[in-house]
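The structure appears right after this line, and notes come after that.
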Amino acid sequence: MNEQIRAREVRLVGPQGEQVGIVSLDKALQLAADVDLDLVEVAPTARPPVCKLMDYGKHKYETALKAREARRNQQQTVIKEMKLRPKIDEHDYETKKGHVVRFLKAGDKVKITIMFRGREQSRPELGLRLLRRLGEDIADLGVVESAPKQDGRNMVMVLAPHRAKQPVAARPSKRAERAEQRAAAQTDDAE
């Protein structure tokens with residue numbers, strides 16, 4: 001930027017994106033000073049380097065604003081984990097299944113882990129049968145994203161909800177909700 005540029009000649013791009021051409025660094029700095037803008041090196045590896053006349057502070061602010069907006073709109077994927085044992089009682093199974101259903105309804109992925117201990121490790125088909133049963137029981141809410149697979153002493157399966165959570169942008173923000181409440185309260189006061 002400005003005096004930090006080391007090249008003798010630069011390819012200059014104007015403030016509206018128009019091509020000025022290849023000029024000496026001194027002339028480019030003089031043009032930048034005349035229009036009260038910064039000379040910013042946008043492609044330092046090009047021969048000659050490409051520089052643009054712009055308000056660097058404004059450019060930096062707009063870039064940060066776009067990055068913040070992109071972070072706000074991106075969806076956070078949460079993976080919840082539920083651990084089971086192969087010899088689980090019916091009531092315990094129903095309780096764990098209820099938790100899985102709740103997680104899937106909230107739009108979160110669920111990682112089901114079956115832990116084998118001792119002699120249970122010689123009977124992986126028990127865990128496979130239990131995971132398949134759970135997959136069939138929640139078929140209306142979610143889909144098996146990763147099939148059951150043995151991982152050392154554990155067997156793992158990942159479930160994902162059918163539809164994604166409501167996008168963040170579609171949900172009214174807390175700030176918007178408070179503004180609506182204030183507006184409603186003001187109309188009540190006016191009456």
Distance from D38 atom CG to C51 atom SG, nearest 0.5 Å? 11.5 Å
Closest non-hydrogen atoms of M157 and L131, given as atom of the first, atom of the second and distance, are CE-O, 3.3 Å
Smallest separation among heavy atoms of T63 and H59, with atom names: OG1-O, 2.7 Å
Test of understanding: with salt bridge (Lys or Arg N to Asp or Glu O under 4.0 Å), list the residues that count as partners of E18, not counting sequence neighbours. none
In this structure, are over 12 heavy atoms from other groups packed under 6.0 Å from R102 atom CZ? yes
Between Y56 and V50, is there a shared hydrophobic cluster once you connect ILVMFWY residues whose side-chain heavy atoms come closer than 4.5 Å? yes
Are I114 and V156 co-members of a hydrophobic cluster defined by side-chain heavy atoms under 4.5 Å apart? no
What distance do R153 atom CZ and D151 atom CG have between them, rounded to the nearest 0.5 Å? 12.5 Å
hydrophobic_cluster_shared for L134 and M155, side chain cutoff 4.5 Å: yes
What's the spacing between L12 CG and S24 OG if we round to 0.5 Å? 10.0 Å
So which atom in R11 and which in P48 form the shortest heavy-atom distance, rounded to 0.1 Å? N-CG, 4.1 Å
Say whether, by atom type as modelled, one donor and one acceptor occur between the side chain of R85 and the main chain of M115 under 3.5 angstrom. yes
Do you reckon M82 sits in the same ILVMFWY cluster as V158, going by side-chain contacts under 4.5 Å, direct or chained? no
Side chains of V42 and M54: closer than 4.5 Å at any heavy-atom pair? yes
Just checking, any donor-acceptor pair under 3.5 angstrom between side chains of Q30 and D26? no
Are the side chains of E69 and L65 in touch, meaning some heavy atoms are under 4.5 Å apart? no
Would you indicate whether the side-chain heavy atoms of V143 and H162 approach each other to under 4.5 Å? yes
Can you confirm whether more than 12 heavy atoms, excluding those of R123, are under 6.0 Å from its CZ atom? no
More than 12 heavy atoms of other groups within 6.0 Å of K97 NZ: yes
Between D137 and Y93, the two heavy atoms sitting closest are OD2-OH, 2.5 Å
Pair L25, E9 - check side-chain contact (heavy atoms from CB on, under 4.5 Å), show working. CA-CA 5 Å; L25 181 62; E9 290 185 330; over 6 Å; no
On a heavy-atom basis, which atom in A32 and which in L53 lie closest, and how many Å separate them? CB-CD2, 3.4 Å
Rounded to the nearest 0.5 Å, what separation is found between the CD1 atom of I112 and the CZ atom of F103? 9.0 Å
Check whether any side-chain N or O of E136 sits under 3.5 Å from a backbone N or O of R133 as a donor-acceptor pair, and report yes or no. no
How close do L84 and L130 get, counting heavy atoms only, and between which atoms? CD1-CD2, 4.1 Å
Does the side chain of H99 come within less than 4.5 Å of K80's, by heavy atoms? no
Report yes if the side chains of L104 and V110 come closer than 4.5 Å at any heavy-atom pair, otherwise no. yes
Is atom CG of D89 surrounded by more than 12 heavy atoms (other residues, nucleotides or ligands) closer than 6.0 Å? yes
Is any side-chain heavy atom of K96 closer than 4.5 Å to a side-chain heavy atom of I88? yes
Give, for atom NZ of K87 and atom CG of D92, the distance between the pair rounded to the nearest 0.5 Å. 14.5 Å
Quick check: do V144 and L159 have side-chain heavy atoms less than 4.5 Å from each other? yes
To the nearest 0.5 Å, what is the distance between NE2 (H91) and OG1 (T95)? 4.0 Å
Does one hydrophobic cluster hold both V10 and V35, with members joined at side-chain heavy-atom distances below 4.5 Å? yes
